[in-house]
Trainee: 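One structure follows; several queries about it will come next.
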2 protein chains.
Amino acid sequence: MWKTATETDIAEVAAAIGDPSRAKVLRALADGGALPAGALAAEAGVSLSTISGHLARLREAKLLTVEHDGRRRYYRLASTDVARALEELARIARPLPVRSLSDSVRAHALMRARLCYDHLAGQLGVALLAALVDGGVLDGSGGGYRITPAGLGVLGDFGIDAGEFSRRRPAIRYCVDWGEGRHHLAGALGAAVTRRLFELEWLRKGRARRVVHLTDAGRTGLHRTFGVPLDWDA
Amino acid sequence: MWKTATETDIAEVAAAIGDPSRAKVLRALADGGALPAGALAAEAGVSLSTISGHLARLREAKLLTVEHDGRRRYYRLASTDVARALEELARIARPLPVRSLSDSVRAHALMRARLCYDHLAGQLGVALLAALVDGGVLDGSGGGYRITPAGLGVLGDFGIDAGEFSRRRPAIRYCVDWGEGRHHLAGALGAAVTRRLFELEWLRKGRARRVVHLTDAGRTGLHRTFGVPLDWDA
DNA sequence: GGATGACTACGGTGCTCGCCGAAGTGTCCC
DNA sequence: GGGACACTTCGGCGAGCACCGTAGTCATCC
């Protein structure tokens with residue numbers, strides 16, 4: 001039932017994360033995407049042989065998984081838990097010096113709406129979860145979230161069959177977002193909603209990694225479907 | 001309003017955590033207590049000079065704070081955010097080999113009820129928060145928790161003036177506990193409740209660090225006051 | 001004021017590990 | 001099958017750092 005909660009080796013994981021090159025790799029994968037070794041090498045600014053060693057170590061620490069696809073290997077975060085831990089670390093880490101104007105533009109965009117692993121985060125993610133609860137799609141009482149019977153219908157109309165979720169992954173999880181104590185939607189439902197938002201082109205990927213933009217169709221669509229305020233970003 | 005969310009230096013913090021000796025220090029302080037350098041040296045199994053260097057580094061990384069008290073210096077986790085990040089890392093870390101029987105006894109006790117920084121965690125913490133929501137003390141809808149008007153009264157009778165909470169610390173936070181997607185109560189309220197539980201001797205510190213035990217008085221008291229089931233640990 | 005205790009600062013030693021280039025392995029394309 | 005491509009493994013170099021013992025700095029106690 002409960003995982004056997006012996007002490008765990010924090011030092012090992014932390015050491016695995018605690019190298020500039022490896023941290024860059026993890027951040028590049030924080031949107032839940034998969035990238036081949038070459039791209040990650042470029043991202044981290046090191047040689048292919050070096051990145052290969054780093055990737056082996058991250059894999060050893062169970063932070064990454066590999067998917068073989070022909071002659072290339074796509075690396076991906078091992079789980080949403082990893083993404084969570086990374087965001088939590090980012091909270092307590094000191095800010096990197098802002099190097100350029102585009103950095104601060106990107107920072108602002110990330111704050112508004114970004115991908116955290118495979119689901120929506122940032123202010124938009126928070127606003128969406130709040131709207132789902134206010135609109136009765138989710139029941140937020142009881143120390144967690146549950147899909148209500150009414151909510152099943154709303155989600156079905158939106159194109160999501162919540163009954164189809166795999167047993168392995170919790171249907172609903174939440175990530176703690178920037179700005180004390182606000183949630184955004186994660187878990188299988190968070191991922192499904194986000195995927196559907198892209199399908200409908202209510203959401204579009206920004207040029208910078210992890211950044212997403214709400215389209216005009218998305219703004220009105222989210223308002224009509226889930227009651228997200230039109231001025232959520234005011 | 002929102003913190004300026006530029007990229008943060010995950011690698012620096014993670015590297016600070018990612019050393020066996022430093023990780024032991026952090027784990028020893030994870031219950032929110034404060035310990036002098038000598039005790040931490042013993043805990044980590046290194047010399048005083050070595051621990052001094054480690055403590056300086058942890059302080060530099062803003063993970064620890066020091067309080068001077070005469071000729072000794074007490075070290076403490078810098079914030080609840082740090083405790084959170086550590087628990088999150090513990091989630092994804094591989095379990096350390098169980099070395100002895102007492103280890104596994106302790107692991108079991110930790111799972112049942114433990115301190116996470118300054119508030120209650122483990123199955124008991126989860127059960128308490130659930131009871132507070134079910135009993136209407138907290139309102140769990142809306143993507144967070146709020147104290148209800150009725151709840152203010154219940155808490156007052158219990159000996160907690162929730163109006164007195166400082167503005168600096170959020171009244172209510174939650175930590176994600178072991179076992180997918182359950183919360184336990186944190187924040188100023190979590191700390192106040194826990195403090196009061198010790199005052200009333202409903203809760204007693206166990207022999208092992210972080211472990212706490214519910215007394216018989218506590219079991220019935222929590223049931224009558226907040227509606228925690230008598231068989232929460234069944 | 002001098003002795004004791006708690007810690008920090010310094011100097012030195014050895015090991016780990018991040019880095020690269022070169023060579024090896026597996027995959028795809030022509 | 002041969003060659004290009006994507007990556008991993010190997011060997012070697014250099015820097016960083018975890019560790020200790022010793023010496024220095026405060027604060028307390030007598």
Side-chain angles (χ1 to χ4, degrees), chain A residues 9-29 33-78 93-94 96, chain B residues 9-29 33-78 93-94 96:
Chain A
D9 193 352
I10 304 181
E12 191 198 8
V13 243
I17 302 172
D19 168 84
S21 297
R22 287 195 293 266
K24 279 180 199 153
V25 167
L26 292 170
R27 201 164 28 206
L29 297 173
L35 291 172
L40 293 169
E43 193 80 25
V46 295
S47 78
L48 203 54
S49 63
T50 299
I51 209 67
S52 180
H54 285 310
L55 293 173
R57 175 150 181 196
L58 289 170
R59 221 162 76 79
E60 172 64 19
K62 300 257 195 287
L63 295 174
L64 296 185
T65 57
V66 210
E67 296 153 24
H68 291 250
D69 175 31
R71 62 185 170 190
R72 54 181 70 193
R73 307 189 178 182
Y74 283 93
Y75 287 88
R76 189 189 294 278
L77 291 193
R94 78 176 73 235
L96 283 173
Chain B
D9 194 351
I10 302 181
E12 191 199 8
V13 244
I17 302 172
D19 168 84
S21 298
R22 287 195 293 266
K24 279 180 198 152
V25 167
L26 293 170
R27 201 165 26 206
L29 297 173
L35 291 172
L40 293 169
E43 193 80 25
V46 296
S47 77
L48 202 53
S49 62
T50 299
I51 210 65
S52 180
H54 284 310
L55 293 173
R57 177 150 181 194
L58 289 170
R59 222 162 74 78
E60 172 64 22
K62 301 255 193 290
L63 295 174
L64 296 185
T65 57
V66 209
E67 296 153 25
H68 292 250
D69 175 30
R71 61 186 171 191
R72 54 181 69 192
R73 308 191 177 179
Y74 283 93
Y75 288 88
R76 189 189 292 280
L77 291 193
R94 79 176 71 234
L96 282 174

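No hydrogens, no waters, no symmetry mates; every other heavy atom, side chains included, goes into these values. The sequence lines fix the lettering, A, B, ..., with proteins before strands; numbering per chain opens at 1.
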Trainee: Roughly how many Å is it from CG in Leu35(B) to P in dC7(C), rounded to a whole number?
Mentor: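 After rounding, the gap between these two atoms is 11 Å.
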Trainee: Check nucleotides 17-19 of chain C for protein N or O atoms closer than 3.5 Å to its own N or O atoms and list the pairs.
Mentor:
unit_1, atom_1, unit_2, atom_2, d
dG18(C), OP1, Arg22(A), NH2, 3.3
dG18(C), OP2, Arg22(A), NH1, 3.2
dC19(C), OP1, Ser21(A), OG, 3.1
dC19(C), OP2, His54(A), NE2, 2.3

Trainee: Compare every heavy atom of Ala11(A) with every heavy atom of Ala23(B), then report the nearest pair and how far apart it is.
Mentor: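 Taking every non-hydrogen atom into account, CB-CB, 3.7 Å.
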Trainee: Between P on dT8(D) and OH on Tyr74(A), what's the gap in Å once rounded to a whole number?
Mentor: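 Spelled out: OH on Tyr74(A) to P on dT8(D) is 13 Å.
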Trainee: Hey, what are the protein-to-nucleotides 9-14 of chain C N/O distances that come in under 3.5 Å?
Mentor:
none

Trainee: Can you tabulate the close N/O pairs, meaning under 3.5 Å, that link protein atoms to atoms of nucleotides 23-30 of chain C?
Mentor:
unit_1, atom_1, unit_2, atom_2, d
dT27(C), O2, Arg71(A), NH1, 3.4

Trainee: For residues 60-74 of chain A, pull every pair meeting side-chain hydrogen bond (donor to acceptor under 3.5 Å, both in side chains), keeping only residues two or more places apart or in separate chains.
Mentor: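 For residues 60-74 of chain A: Glu67(A)-Arg76(A).
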Trainee: Starting at CG of Leu48(B) and ending at C1' of dT22(D), how long is that distance when rounded to a whole Å?
Mentor: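 Distance check: Leu48(B) CG to dT22(D) C1' gives 13 Å.
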Trainee: To the nearest Å, give me how far apart CG (Leu58(B)) and P (dT8(C)) are.
Mentor: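 Distance check: Leu58(B) CG to dT8(C) P gives 12 Å.
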Trainee: Quickly work out the Leu40(A) CG to dC7(D) P distance and round it to whole Å.
Mentor: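 One finds 9 Å between P of dC7(D) and CG of Leu40(A), rounded.
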Trainee: Considering only residues two or more places apart or on different chains, which pairs with a residue in residues 11-25 of chain A satisfy salt bridge (Lys or Arg N to Asp or Glu O under 4.0 Å)?
Mentor: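 Output for this query lists Glu12(A)-Arg94(B).
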Trainee: If you apply the rule side-chain contact (heavy atoms from CB on, under 4.5 Å), what do you find for Val66(A) with Leu55(A), and how did you get there?
Mentor: CA-CA 9 Å; Val66(A) 210; Leu55(A) 293 173; over 6 Å; no
Trainee: Would one find a side-chain N or O of Tyr75(A) under 4.0 angstrom from OP1 or OP2 of dT8(D)?
Mentor: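 Checking Tyr75(A) against dT8(D): at least one side-chain N or O falls below 4.0 Å of OP1 or OP2.
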Trainee: Could you tell me how far apart Glu60(A) (CD) and dT9(D) (P) are, to the nearest whole angstrom?
Mentor: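 Atom CD in Glu60(A) sits about 12 Å away from atom P in dT9(D).
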Trainee: Going by the side-chain hydrogen bond (donor to acceptor under 3.5 Å, both in side chains) test, which pairs reach into residues 38-51 of chain A, not counting sequence neighbours?
Mentor: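 Applying side-chain hydrogen bond (donor to acceptor under 3.5 Å, both in side chains) to every pair that reaches into residues 38-51 of chain A, excluding sequence neighbours, yields Glu43(A)-Arg209(A), Ser47(A)-Ser49(A), Ser47(A)-Thr50(A).
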Trainee: Pair Leu63(B), Ile17(B) - check side-chain contact (heavy atoms from CB on, under 4.5 Å), show working.
Mentor: CA-CA 9 Å; Leu63(B) 295 174; Ile17(B) 302 172; 3.8 Å; yes
Trainee: Could you pull out the closest heavy-atom pair between Ala93(B) and Ile10(A), with the gap in Å?
Mentor: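 Smallest heavy-atom distance, with atoms named: CB-N, 4.0 Å.
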Trainee: How long is the span from the OH atom in Tyr75(A) to the CG atom in Leu29(A), to the nearest 0.5 Å?
Mentor: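 These two atoms lie 10.5 Å from each other.
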Trainee: Just how far is it from atom CG of Leu40(B) to atom OG of Ser21(B), taken to the nearest 0.5 Å?
Mentor: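 So the CG of Leu40(B) and the OG of Ser21(B) are separated by 11.0 Å.
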Trainee: Over all heavy atoms of both residues, which pair between Val13(A) and Ala61(A) is shortest? Give the atoms and the distance, please.
Mentor: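 Closest heavy-atom pair between Val13(A) and Ala61(A): CG1-O, 4.4 Å.
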Trainee: Which heavy-atom pair separates Leu35(B) from Ala28(B) by the least distance, and what is that distance?
Mentor: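 Closest pair (atom of Leu35(B), atom of Ala28(B), distance): CD1-O, 4.2 Å.
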Trainee: Expressed in angstrom and rounded to an integer, what is the separation of Leu55(A) atom CG from dT8(D) atom P?
Mentor: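 These atoms are roughly 6 Å apart.
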Trainee: I need the CZ-P distance between Arg59(A) and dT8(D), as an integer number of Å.
Mentor: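 Between P of dT8(D) and CZ of Arg59(A): 9 Å.
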